[in-house]
Amino acid sequence: MKHVLILGGTADARHLAAELLAQRPELKVTSSLAGRVARPRLPNGGVRIGGFGGAAGLAAWLRAHRVDALVDATHPFAATMSRNAARAAADTGVPLLAVRRPPWRPEPGDRWHEVGSLDEAAALLPELGRRAFLTTGRGELRPFRDRAPLLWYLIRSVDAPDPADCPPHHQLRLSRGPFTLEGERALLADHHIDVLVTKNSGGSATAPKLLAARERGIPVVLLSRPPSPDGVPAASDVQEALRLLLSR
């Protein structure tokens, strides 16, 4: 194994790139970022930014750059990229490993309402509260604008969304995780939040909001993950991914 391509943009992807280069400095490690964040946190090693042009474009890139191993460490909700990675790996014969952190599981005191789509989440909101904390991403606000326009929203994202996508009554909070429990407690209290909307991303960086909601008895509308491609080997964390990659 000489060249590893990491499909990233996540903390797990950055951590994996750093650990691979620390343990095998002779490796060529390239991280691919989608380019959706204006000022991304750049990983160690080589970086490319932008799409490939679907599964065929990714397969062509793997061949042209002589990639020996492909790692899908994208966000759990980047379903299109994961499908493209699976197809490109099958077409080229390049081994693929996915890094899939476990989803969050409800604990005693949680008031979760799991939904399968943003439209379903938005339709449910008026039954649960009037002041919602949205952490679903800046590109996924229109369902709330269209289906629950009378609610007030606190919208948190890394970059500012298109104003045309935003619900009429909202406040933006531009920030990037990881977040602390103390900070999330204060945010919910200061803005009188009575319902939280988020995706089941798993991991620790953004989990404190769930604990803060549990403490306050706030209901959580939780978007379920899309299914992962069949037949792709997966690691549950960076250390397991590192062990599998370095054993090849």
Side-chain angles (χ1 to χ4, degrees), residues 1-21 24 26-101 103 116-119 136-140 142 158-159 162 165 199-202 223-236 238 240-242 244-248:
M1 183 178 62
K2 298 178 182 179
H3 188 188
V4 180
L5 174 63
I6 301 175
L7 305 176
T10 61
D12 285 341
R14 291 191 300 273
H15 185 192
L16 180 59
E19 288 293 326
L20 278 173
L21 288 168
R24 294 280 183 86
E26 74 278 7
L27 285 178
K28 180 179 180 181
V29 177
T30 304
S31 295
S32 177
L33 312 182
R36 294 174 182 165
V37 176
R39 293 182 296 278
R41 290 174 175 167
L42 297 180
N44 293 1
V47 177
R48 71 171 302 279
I49 296 177
F52 291 93
L58 175 56
W61 201 96
L62 296 176
R63 295 187 184 98
H65 295 266
R66 299 182 180 180
V67 172
D68 300 291
L70 176 62
V71 180
D72 176 11
T74 57
H75 191 277
F77 283 78
T80 299
M81 190 68 248
S82 293
R83 289 194 297 269
N84 288 343
R87 293 188 189 117
D91 289 346
T92 60
V94 174
L96 170 63
L97 175 67
V99 182
R100 293 281 177 260
R101 54 183 182 259
S117 70
L118 291 167
D119 282 331
T136 55
R138 66 188 176 99
E140 298 175 306
R142 289 196 175 197
V158 176
D159 295 323
D162 185 336
D165 292 338
K199 296 176 176 179
N200 196 340
S201 302
L223 186 64
S224 300
R225 291 185 182 185
S228 298
D230 293 333
V232 176
S236 61
V238 169
E240 183 182 5
L242 193 67
L244 292 172
L245 286 168
L246 295 182
S247 65
R248 292 177 175 175

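Values below: every heavy atom of this structure, side chains too, minus hydrogens, waters and symmetry copies.
Annotation for S32 and G50: closest pair OG-O, 4.2 Å, computed over non-hydrogen atoms. The minimum heavy-atom distance linking L58 with F52 is given by the pair N-CB, 3.6 Å. When all heavy atoms of V232 and A98 are compared, the pair lying nearest together is CG1-CB, 3.9 Å. Among all heavy-atom pairs drawn from A55 and R87, the shortest one is CB-CB, 3.7 Å. When all heavy atoms are compared, the tightest approach of G8 to A13 is CA-CB, 3.4 Å. Of all non-hydrogen atoms in N84 and G54, the two that sit nearest each other are ND2-CA, 3.7 Å.
Between L33 and L42, the closest side-chain pair of non-hydrogen atoms falls below 4.5 Å. Using a 4.5 Å heavy-atom cutoff, the side chains of S224 and N200 are not in contact. Between R63 and D91, some side-chain heavy-atom pair lies under the 4.5 Å cut-off. Between R101 and D12, the closest side-chain pair of non-hydrogen atoms falls below 4.5 Å. By the 4.5 Å heavy-atom criterion applied to side chains, L5 and L7 are counted as neighbours.
L62 CG to H65 NE2: the interatomic distance, rounded to the nearest 0.5 Å, is 9.0 Å. Put simply, CG on L21 and CD on E26 are 9.5 Å apart, with the number rounded to the nearest 0.5 Å. Note that CG of L245 is 11.5 Å distant from CG of D68, once rounded to the nearest 0.5 Å. Rounded to the nearest 0.5 angstrom, M81 CE and H75 NE2 are separated by 15.5 Å. The distance from the CG atom of D72 to the CZ atom of R100 is 4.0 Å, given to the nearest 0.5 Å. For the atom pair CG (D230) and CZ (R83), the distance works out to 12.0 Å, reported to the nearest 0.5 Å.
Tested against S31 for a side-chain contact (heavy atoms from CB on, under 4.5 Å), the candidates I49, L16, I6, V71 yield a single pass: I6.
No side-chain donor from either of T136 and E140 sits under 3.5 Å from a side-chain acceptor of the other.
Under the 3.5 Å distance criterion, the side-chain polar atoms of R225 are matched with a main-chain donor or acceptor of S201.
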